Amino acid sequence: EGSAGSVLTSDVAKLSESLSVRGAIESLGMQAEALETIYYLYVVDDNDDDHLRGVVTTRQLVSALNKPETTLSEIMERDLITAHVLEDQEDVARKVARYDLLAIPVVDDEHRMVGIITHDDVIDVVVEEATAASFHGVDIAFISVSTEMSRKFAPMAVAAGAVVIDDSSAFRMDDTVPLVVPCLLY
């Protein structure tokens, strides 16, 4: 409880690094309905060990359709931001916000892909932590998120009772926008 492993989903697009663009599209077509999201396609090794090798966005995949025999290993991003399965969920939420991710891959000690945590799961963590803080006498929890993430999270945050302060606010810190989550006092 409280770790990345407790909030992840294992319904994720995992594709072999040796798949061609054409093969990846076919494989994705067979998996898509059962997946949480297909913004990011996670590339794993060919050994059925699910070692995370990289990520390809659906945009990259579609853009590569003019070269259908190109392999995923040729177009994937290798420099990944990941979360460890035992990492604190609040730290994971900060990573998602800091890097403007729609989802973050969760790996184990051997860098095997365990699942992902999506941006909407991060909102759940933020609301849960803010609620927990209110029970400990904290009136307001401040969570700093980037401008882009505030745009992505704004509709969900408002629905959760949060107030998003825009870029022109006097509360602006560096290149971030504070997301203020008011907590009910009991």
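None of the values given here were measured: they were computed from a predicted structure.
Note: Leu41 CG to Ser27 OG = 9.5 Å, rounded to the nearest 0.5 Å. Note: Met113 CE to Asp45 CG = 12.5 Å, rounded to the nearest 0.5 Å. Atom NZ of Lys67 is separated from atom CZ of Arg22 by 14.5 Å, given to the nearest 0.5 angstrom. One distance of note links CD of Glu17 with CZ of Arg53; it measures 5.5 Å at 0.5 Å rounding. Note that the CG atom of Asp108 and the OG1 atom of Thr82 stand 10.5 Å from one another [nearest 0.5 Å]. Residue Leu28 holds its CG atom at 7.0 Å from CG of Leu61, rounded to the nearest 0.5 Å.
No continuous path of ILVMFWY side-chain contacts below 4.5 Å connects Ile117 to Leu35, so the two sit in separate hydrophobic clusters. In the hydrophobic clustering of ILVMFWY residues, with side-chain heavy atoms under 4.5 Å counting as a link, Val43 and Val62 come out together. Ile81 and Leu8 fall within the same hydrophobic cluster, where Ile, Leu, Val, Met, Phe, Trp and Tyr residues are linked whenever their side-chain heavy atoms come under 4.5 Å apart, directly or through other members. In the hydrophobic clustering of ILVMFWY residues, with side-chain heavy atoms under 4.5 Å counting as a link, Val106 and Met76 come out apart. Linking Ile, Leu, Val, Met, Phe, Trp and Tyr residues whenever their side-chain heavy atoms come within less than 4.5 Å places Val122 and Val114 in a single cluster.
For Pro68 against Ser20, the heavy-atom pair with the smallest separation is O-CB, 3.4 Å. Nearest approach of Leu15 to Ala24, heavy atoms of both residues: CD1-CB, 4.0 Å. Closest of all the heavy-atom pairs between Asp50 and Lys14 is OD2-NZ, 2.9 Å. Here the shortest heavy-atom pairing between Asp121 and Val7 reads OD2-O, 3.6 Å. Among all heavy-atom pairs drawn from Ile116 and Tyr42, the shortest one is CG2-CE1, 3.4 Å. Heavy atoms only, all atoms of each residue included: Leu80 and Val55 are closest at CD2-CG1, 3.3 Å.
Under the 3.5 Å distance criterion, the side-chain polar atoms of Arg94 are left unmatched by any main-chain donor or acceptor of Gln89. Judged by distance alone, with hydrogens and angles left aside, the side-chain atoms of Glu26 form no donor-acceptor pair with the main-chain N or O of Gly23 at under 3.5 Å. A donor-acceptor contact shorter than 3.5 Å is absent between the side chain of Tyr40 and the backbone of Val56.
Ion pairing of Asp49 with Arg112 is absent here, as no side-chain N (NZ or NE/NH1/NH2) approaches a carboxylate O to less than 4.0 Å.
A donor atom on one side chain and an acceptor atom on the other are found under 3.5 Å apart for Thr71 and Glu74.
Val107 places none of its side-chain heavy atoms less than 4.5 Å from the side chain of Val85. Inter-residue side-chain proximity for Val44 and His51 is flagged as unmet; no heavy-atom pair is nearer than 4.5 Å.
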